[in-house]
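Presented below is the structure to which this report refers.
Heavy-atom basis, side chains included; hydrogens, waters and symmetry copies ignored. On a predicted model such as this, the values are computed, not experimentally measured, just so you know. First the proteins, then the strands, lettered A, B, ... as listed; each starts at 1.
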Amino acid sequence: MSAPLLRVRDLRTWIHAGENVVRAVDGLSFDIARGETFALVGESGCGKSMTALSVMRLLPEAALISSGAVELDGVNLLALPETSMRDVRGGRIAMIFQEPNLSLNPVMTAGEQIAETLRRHTPLEGDALEARVLEMLDAVRIPDAKQRRHEYAFQLSGGMKQRVMIAIALSCNPELLVADEPTTALDVTIQAQILELLRDLQKERQMSVLLITHDLGVVADVAHRVAVMYAGEIVETADSGDFFAAPRHPYARKLFDSLPTANKRGRPLAVIPGAVPPLTRVFEGCRFVERCEHALPSCSSSVPAWIALGAASGVRCQLYAPEMKSGLPAESPTASAPAQSTSAQTPVPQAPELGAQMDASNALLRVNDLKVHFPIRKGLLKRTVGHVHAVDGVSFAIPRGRTLGLVGESGCGKTTIGKGVLRLIEPTSGAVLYDGEDLIGLTRKRLRERRRHVQIIFQDPYASLNPRMRVAETIEEGMAALGVGEAGGSRGMGTERMARIDALLVEVGLPPDVKFRYPHEFSGGQRQRIAIARALAVDPQLIICDEPTSALDVSVQAQILNLLKDLQARKGLSYLFITHNISVVEFIAHELAVMYLGRIVEHGLVDEVLREPRHPYTRALLSAVPDVDTATQRQIIRLQGDLPSPVHPPAGCHFHPRCPQAMPHCSVRYPEMVLYGATHSACCHLDSHGSARKA
Amino acid sequence: MIKPVMLWTDALVFLLLAVITFFVWTVYRHEHLAAPWRKVGHSASGMAALVVLSCFVLIGFLDTLHYRVSIPGKDGKTTYAVEVLSALDAMVGPLRTQKEKTYSAPLATHLFAKETLQGADGREIREFPRLRYGGAGLKDVRRDHVPDVLQRAALGLGAGLLLWMLPVAWVCRRVARRSKSGLRAAFLSIARRETQVPWHAILLAIGAVCIVASPMAALASQYHVFGTDKVGQDVLYLALKSIRPGLIIGTLTTLVMLPFALALGIMAGYFRGWVDDVIQYLYTTLHSIPGVLLIAAAVLMMQVYVENHGSLFPTTVERADFRLLFLCLILGVTSWTSLCRLLRGESLKLREMEYIQAAHAFGVSHARIMIRHILPNVMHIVLIAVVMDFSGLVLAEAVLSYIGIGVDPSMNSFGSMINSARLEMAREPMVWWSLAAAFSFMLVLVLAANLFGDAVRDALDPRVSTRKAVPAAPAKAAA
């Protein structure tokens, strides 16, 4: 094997935060060979982004590289003066960032930003420079490169922006591309496009890629080698194939176990107990010992050594030490029963079998032809010049004690439905029947009485709790507004409400003594628990979950999903579960509705929709989801272009401009709903009577 | 015998003090409210600024305790003097009464301008006349002046340092008792800046105040430290008297302004739609009228009213006080727009926050959402605005008095001092001390207020405080 392109040895990056030193990166060593994609995986806060920034020497002011070496082709980057480092950055190592909206300068055109890098690193001028800019835009497959070159960031969609970012990064033919969560902010179909692009470009240019991500699916898709980071150090390195076939480190195994999938539906997900230890402390043993099921007594007293297993793989765990011989029992990641970790939790019983449940009379919530249009006003007199058809005629029903998953890409109107049902956004027309009573048209006062029964949980646990209110006040607010429990006197809350708050906190898995704390003292998962307790405080029957886990790490997501399932089993709650994450829906939902541009295109039981998708959009969406199961070869159905604007939805079937199976017929008329059985339906001309035969 | 006099502004100052006391008491009683304020107590610059600021506030407060002295009447009845004095006047007694004829330089023994005097032999000579009070005790002025000044200054300095020892000793004892260590160890820990409360900064600030104030006091009994003005009044006294109007304008105006800014700003941002339109039109209109014109018109109208209703204002002090109060009102009415706009923007952002949506989902009333969710989350903006406005208003008072529509001419203020300095600076040789005194007093006051405001903001801003958040509950029950 030739010398590696990038060689990182014993890298330590410390952040000085007040009196404490956070050892964000603590003794990291890895190599990246030429033409190899090396993935660093880990949960938030494990130091993976800090590693990338250390390699680029772009650390924030408070952070310092205290020791180690970063060698690019044998040259130690850490010893270079800043002026030479600037030639390396962008020239030999390029970086793309997570948030395409923030990484392009809004006052420069796409072409100018590519040219800027080229001018710095190459002698190109004039026409040659222009030609190179066009070449780059073509290379990242931006259609109409000539025209797009003159567009500003706001004129480009998220996927296009990320393409431009990649074009900037690749413009000087770097040897190493550092990609820090390049697709996290994108939708799955766009993510599939970008990942494919990255893979192709990497192959074409024989470039090395340092991919940083938290998404195991993305890793499985593109990486050659994988390193798992935990609490500032690498705990396992392996070839991608080996890693996904049999992860070695207990932490890596737990990560796999906590991924929600369909075949784990019957039982709670494995969770990793506890939290990542604070990186301010000095570790005397294994960093994972407190959360590890297989911990030995010696694990907490001696730091585990790096145990090389083969040429390019290794693990930092005593179980694999030569004298232990066995290592961890080779169990397949999906089969490992979460024995100890979930013993405290009541097993989630399978919900009573369905079929009859779908029948409309039993529906707790029925939404009929709901429309939410936002007027676009222009001019001095604010006249309405058009409408955003955010939700355009959606109907569904949720029976008692069941979960309807609502999936779709961003901008398809799924969140608007959730808010429309609660009348947080006033629907334009349609009916929302809760227990037979139409919530639309109720007066504020009558509606308030109904508010007890329907509640909502939001996506961002940092924005959903008022930072100025203590936990008890937050939870009490709903009770006070809706008159649940006796009100306290002038001196705060009554004892009844206090007792209830304690009970609620226990119910969501928090100790009751946290109630006098402020939200900023809690982690994301704990905040989400508080938000759930707040919703539960008024005893709702239906909870609208608006992407409740998409801001959380996989292991925390597993905890929250378990909690939601457990609550459903105990209290008979119904959920409208809005998400873009198919695997979460697979795990938690009973029924599934797929949305595209304000309308539901396919609806049915989860298994029906996921196993036999009927609508071309559903098929494309499902094929785009990166899968950790590398054994099954999937064919990605690549969708062209982006989601059209909901201001002027395409005529006929909204999906036809991107549909690989579009027929002339499709652009004329919106397809009727076609039934594929008692519970499964889709809106597509392909199978509708007559047209399918004609085609 | 004295008779206390309560002027309008005095009453409002007492009200303000009562409110602040109540607020402090509530904060003190609630641990969660006190925690961020304790962080203010840990900021070195903030606490040093607070020491200086409280000196100003103390002077202003002493100047607020007004009274009239009794004059024994002819037939046993006591009548009261027309002149309204304050506790400050009583404390600095000689400064007020010892008036020279006209300008004299700081620490001078002679007047600033030559006058024609009659010599002992009856001949007329042009000479700098001797001051009535400045250096009056000196036998040989030429020989004794400088040594006397130096001696007094040194004595004052020594006394100041001795005086400084008192708080130093007290703090050392306190720290020693808290940490259960010896006095020496306590002193060393303060000197090494190891204490949580920045006692070193507080003590240094107190030391600075002692070192400046004590020699001044020592000299002031014999000399005019900052010289005298055109009519021979001690400039130090004028500067001290100017503190109260400055503080009053800075605080009462804010009180007038806050309700407008808070209510309208939050409502505009929260309700949007036509409410927002109306409020925006209102403040855009108000903002586009030149503020000075509006204030001038209002002040002139008020003057006419005062003249027509002379019986309501028996003394000149009451008249001046009414004018000051009115100035606060009109400044408040014209200056709420910028804070209102800030609050509107912030409320527009906050209303989309998910916790507000969650409150909507509970059917919480609009008023309650605005008070419980939005108001506490914009308080840091309000606090910053209030502190920044405070300094701005102290400066605005100076500008308004300078162009003649500020406080009553009979009332001392920094603005009127600067106004008179306009002519003094044009003289040759220049009379600079009036301006210098006003400038340095105002600079110290405004700087201290700004530094303290920064410390408060750092402690209260949630974005700053979350930076050092610690993970809370150690165990997760669901795990």
Side-chain angles (χ1 to χ4, degrees), chain A residues 17-18 271-275 278 291 341 344-345 419 422-424 444 447-449 451 454-460 463-470 473-474 477-478 480-482 506 508-511 513-514 516-518 520-523 525-526 529 531 534-535 538 544 546 559 562-563 566, chain B residues 29-33 35-36 39 42 194 196 272-274 276-277 349-381 458 460-479:
Chain A
V271 295
I272 308 178
R291 308 171 71 186
S341 61
Q345 206 157 27
K419 292 186 176 167
L422 273 170
R423 282 183 62 194
L424 295 178
R444 216 178 134 79
L447 181 65
R448 186 187 279 191
E449 290 161 21
R451 293 243 187 246
V454 190
Q455 273 306 316
I456 185 164
I457 305 169
F458 295 95
Q459 169 178 4
D460 184 357
S464 63
L465 300 177
N466 186 342
R468 302 284 184 187
M469 275 163 81
R470 285 178 292 170
E473 292 165 329
T474 297
E477 178 167 56
L482 299 178
V506 172
V508 297
L510 290 171
D513 56 333
V514 302
F516 293 118
R517 300 202 190 170
Y518 282 93
H520 72 78
E521 297 173 50
F522 296 92
S523 68
Q526 288 170 325
R529 286 169 193 270
R534 170 177 64 187
V538 294
I544 294 167
D546 189 359
Q559 294 172 6
N562 282 346
L563 174 65
D566 180 42
Chain B
R29 293 237 327 190
H30 290 83
E31 172 56 32
H32 66 287
L33 292 177
K39 217 181 281 169
H42 296 167
E194 282 162 356
Q196 203 170 27
R272 302 195 298 190
W274 66 267
D276 186 24
D277 286 348
K349 195 181 89 195
L350 286 175
R351 78 184 296 280
E352 300 298 332
M353 293 299 277
E354 289 175 345
Y355 56 82
I356 308 254
Q357 304 254 336
H360 279 302
F362 284 121
V364 178
S365 67
H366 292 313
R368 210 176 146 75
I369 289 180
M370 285 192 274
I371 291 167
R372 288 209 57 177
H373 288 286
I374 296 187
L375 185 64
N377 281 297
V378 297
M379 269 331 262
H380 63 280
I381 296 183
D458 284 351
L460 291 194
D461 199 327
R463 273 158 293 190
V464 180
S465 58
T466 46
R467 213 189 291 150
K468 284 184 187 170
V470 273
K476 285 185 190 171

To check you understand the geometry: which heavy-atom pair defines the closest contact between B:M353 and A:A463, and what is its length? CE-CB, 3.8 Å
Considering only heavy atoms, which portion of A:L422 lies under 4.5 Å from any heavy atom of chain B: side chain, backbone, both, or neither? side chain
Please give me the minimum heavy-atom distance between A:A481 and B:F362, naming the atom from each residue. CB-O, 3.7 Å
Can you pull the salt bridge (charged side-chain N to carboxylate O under 4.0 Å, His left out) pairs that have at least one residue in residues 352-361 of chain B, sequence neighbours excluded? B:R272-B:E352
If you round to the nearest 0.5 Å, how far is CD1 of B:I374 from CG of A:N466? 9.5 Å
Check whether A:R534 gets within reach of chain B through its side chain, its backbone, both or neither, counting any heavy atom under 4.5 Å. both
Side chain / backbone / both / neither for A:R448 at chain B, heavy atoms under 4.5 Å: side chain
Between B:R372 and A:E473, is there a side-chain heavy-atom distance shorter than 4.5 Å? yes
Where is the tightest heavy-atom contact between B:A359 and A:E477, given as atom of each residue plus distance? CB-OE1, 4.0 Å
Could you look at A:Q459 and say if it's the side chain, the backbone, both or neither that has a heavy atom under 4.5 Å from chain B? both
Interchain contact, A:A531 with chain B, by part (heavy-atom threshold 4.5 Å): neither
Sequence neighbours excluded, which residues qualify as ring-ring contact (aromatic ring centres under 6.0 Å, His included) partners of B:H366? B:Y270, B:F271
Comparing A:I457, A:V454, A:L447, A:D460 against chain B, the one with the most heavy-atom pairs below 4.5 Å turns out to be A:D460
Where B:A361 and A:Q455 come nearest, the two heavy atoms and their spacing: O-NE2, 3.1 Å
If we only count heavy atoms from C-beta on, is the B:H373 to A:M469 side-chain gap below 4.5 Å? yes
